[in-house]
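Quick note on labels: first sequence line is chain A, next is B, and so on, each numbered from 1. All values below were derived from every heavy atom in this structure, side-chain atoms included, with hydrogens, water molecules and symmetry-related copies excluded.
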There are 2 protein chains.
Amino acid sequence: MNNSVSIKDIAKKFKCAPSTISRALNDHPAINIETRKTIQEYALKVGYQKNTLSLSLLNNCSMTLGLVLPSITHYHESSILEGMEEILLKSGYLLNICVSNESHTIEKEYIDRLLANRVDGLFISMAQESYDQQLGEHIDRVIQRSLPVIFIDRPNHGVASDRVVTDDYQGAYMATQHLIDMGCQRIAHLHGPSGISVSQQRFMGYQDCLKAHGRQVDVDLIEYVHFSAESAIEATRYLMQGTIKPDAIFGVNDEVCIAAMYVLREMGIAVPEEVAIVGFDDIPLASFGHPPLSSVSRQSRKIGEEAAKLFLSKKDQKLDPVTISLDPKLIIRESSLRS
Amino acid sequence: MNNSVSIKDIAKKFKCAPSTISRALNDHPAINIETRKTIQEYALKVGYQKNTLSLSLLNNCSMTLGLVLPSITHYHESSILEGMEEILLKSGYLLNICVSNESHTIEKEYIDRLLANRVDGLFISMAQESYDQQLGEHIDRVIQRSLPVIFIDRPNHGVASDRVVTDDYQGAYMATQHLIDMGCQRIAHLHGPSGISVSQQRFMGYQDCLKAHGRQVDVDLIEYVHFSAESAIEATRYLMQGTIKPDAIFGVNDEVCIAAMYVLREMGIAVPEEVAIVGFDDIPLASFGHPPLSSVSRQSRKIGEEAAKLFLSKKDQKLDPVTISLDPKLIIRESSLRS
DNA sequence: AATTTTTACGCAAACGTTTGCATTTGAGGC
DNA sequence: GCCTCAAATGCAAACGTTTGCGTAAAAATT
């Protein structure tokens, strides 16, 4: 079944000790240069490949990390992954990907497996179930083992921890401010799943910005959605058929805004003239919407890079927990531009 | 640094042999039921977790697989990953994700690392560089080691191999047929990166369908793009300013079609009245475009599931190479509907 | 030629776990 | 009290690799 050739095999071939082979292959100085060459050539010929597992066992270091995400199909998440990979590629690490699908049970199972496989560190964006119900004992077990854990987007409750996040609050504040600047009076919000930090922060930014301008949050202008476009269809219809007609919508992400614009078109409501719209994430297709969608860009790729860099710096020396908060940037396009 | 407790540690605590602890933890029959209980409770208390690395070494089976993709930010790719995870979760596997970014060098490096980590199998969608330049020796090394390799979307050249693909040819044929049925006369094609199997197959389907209706492919109606929306902007403008005005566009994926629709709006060309459009992939936002985009759905998630299932069946018995070709499905929306 | 130094290699332990086989212990039957 | 048997546990090897230490042979120095 498995054809892989080991150092021992080569040692038998050359009638010498495995240690000699090991040294030859690792360019150890105390080795005859001729012998080394011969062995290296032979190793290449038979396709020898170091078995990292034995080293992981020996050095207590697997050069493998775990990434646990609630989902992966959104641009934001897959960009994080890409950014992470870029840094880890250079550092020799491999990444185990685990999609929890927002389930606490799955998240726990995956973390168990990662621990059993002795990953050197963990990146986690917590599942909604874990987050909502404050289920963190599986995380505690990890921390207790003094394994570096870096939270992405959604930290765990309570304890201090390393985090890489977008400043969602600020981003939402900027978006809302922009809508106010555009003269919008009744700014609705498509609120993300409750309980999730990202949703909460964005709502807070929205709320505080309104308050700063002497306005109150009107519950009739808040509709709850998931992060998917589909979920925003009904919500938007409901919003537009309410007693208070919104003249702007700030959506928890771009998908729901694109769906909202679809509904508004269907209803014959002009964007941005009658309803201005700002989304969040700045997905690549935002620029090509009808009209092009204003959005808060959150440097998704950089989140991944920073998380990876943070791990690399943590790995060596023990540092205090750090929170890296990346500044969002408001990209203004037609969907919110009023003259 | 690492606080993990081993079987040996527990053995010392109980002044017994490691084998006893092992048997106790694994519910081996030849163990005193009292002892077993005590040991299990203790193990739970101190947070013992099996070190899978040692088992991997022993059994030559790491319960880890590798997934090598050119990119991950497209819906299709991340859906494959999700489908794969669903099956592998149940089977106890972990998945190493490797994004080659279309680079042969990176792909090779990743495959080396995966082999060094003794993954039990490999899923690969080949990088454009490897594919274009027919660089396959890194793949050969894997196969030579009789490691199960399953190709996704983009197979390697030549040798027979296990594959899970969409029937891109058929999908493109269906899309073109549909445009012809809608009465379109000059069907343009936004052609994907040349050399890549997916692009080629879709072009072939388009071409053969035209031929089947007694039409010739007009090179003036073909523009090459990448898989990104941006790349389609110029291409579409160029297409529409040419001598032959297309009255339909079949795009290599949905992103380029959404960008194309954006350009057409900008140019004041009506979709679908003047130009009908059909895309490929049926991304979630396709339904919410303006107008909603017709598209060939390719069951991305199922590709991942089937690939994972194929591995599981291959793992046990040696079977002949299999190609699983999933049927695409044409989803007709407004962008191509003419009365 | 004797001594020291250098060079090149072997030995064995270690990482954590499982498992076939051997061994110990205690109980029961005669 | 001796034998048999079963139950419970120990021993040691194995997976692949590295590395400090020991040692032999060769080379360099006196």
Going by ring-ring contact (aromatic ring centres under 6.0 Å, His included), name the pairs with one or both residues in residues 65-85 of chain A, residues two or more places apart or in two chains.
none
Which pairs, with at least one residue in residues 91-117 of chain B and sequence neighbours excluded, count as a ring-ring contact (aromatic ring centres under 6.0 Å, His included)?
B:Y93-B:F311, B:H104-B:H138
note: B:R36, atom CZ; D:dT9, atom C1'; distance rounded to Å ~ 15 Å
Please report how far the helix from C:dA1-D:dT30 to C:dC30-D:dG1 bends, comparing the axis fitted to its first five pairs with the axis fitted to its last five, to the nearest 10 degrees.
60°
Considering residues at least two apart in sequence or located in another chain, which fulfil the salt bridge (charged side-chain N to carboxylate O under 4.0 Å, His left out) criterion with A:D320?
none
Please collect all salt bridge (Lys or Arg N to Asp or Glu O under 4.0 Å) contacts where either partner lies in residues 102-117 of chain B, sequence neighbours excluded, each pair once.
B:E102-B:R154, B:E109-B:R113, B:D112-B:R141
Applied to residues 38-56 of chain A, the salt bridge (Lys or Arg N to Asp or Glu O under 4.0 Å) test, sequence neighbours excluded, yields none
Output a table of nitrogen or oxygen pairs between the protein and nucleotides 25-29 of chain D separated by less than 3.5 Å.
none

To the nearest 0.5 Å, what is the distance between CD1 on B:I124 and CD1 on B:I139?
3.5 Å
Where at least one partner belongs to residues 3-15 of chain B, residue pairs that pass salt bridge (Lys or Arg N to Asp or Glu O under 4.0 Å), sequence neighbours excluded:
none
Between B:K315 and B:D120, does at least one N-O distance fall below 4.0 Å, as a salt bridge requires?
no
Dump every N/O contact between nucleotides 5-8 of chain D and the protein below 3.5 Å, one line per pair.
none

Which ring-ring contact (aromatic ring centres under 6.0 Å, His included) pairs, counting each pair once, include a residue from residues 25-55 of chain B, with sequence neighbours left out?
B:F14-B:Y42
Side chains of B:S4 and B:Q49, donor plus acceptor under 3.5 Å:
no
Heavy-atom contacts, protein to nucleotides 15-23 of chain C, under 4.0 Å, summarised as B (base), S (sugar-phosphate only) or - (none) per nt, yield BBBBBB---
Across all chains, not counting sequence neighbours, the ring pair (Phe, Tyr, Trp, His ring centres under 6.0 Å) partners of B:Y131 are B:H157
Looking only at the side chains, is there a donor atom on one of A:D27 and A:Q40 sitting less than 3.5 Å from an acceptor on the other?
yes
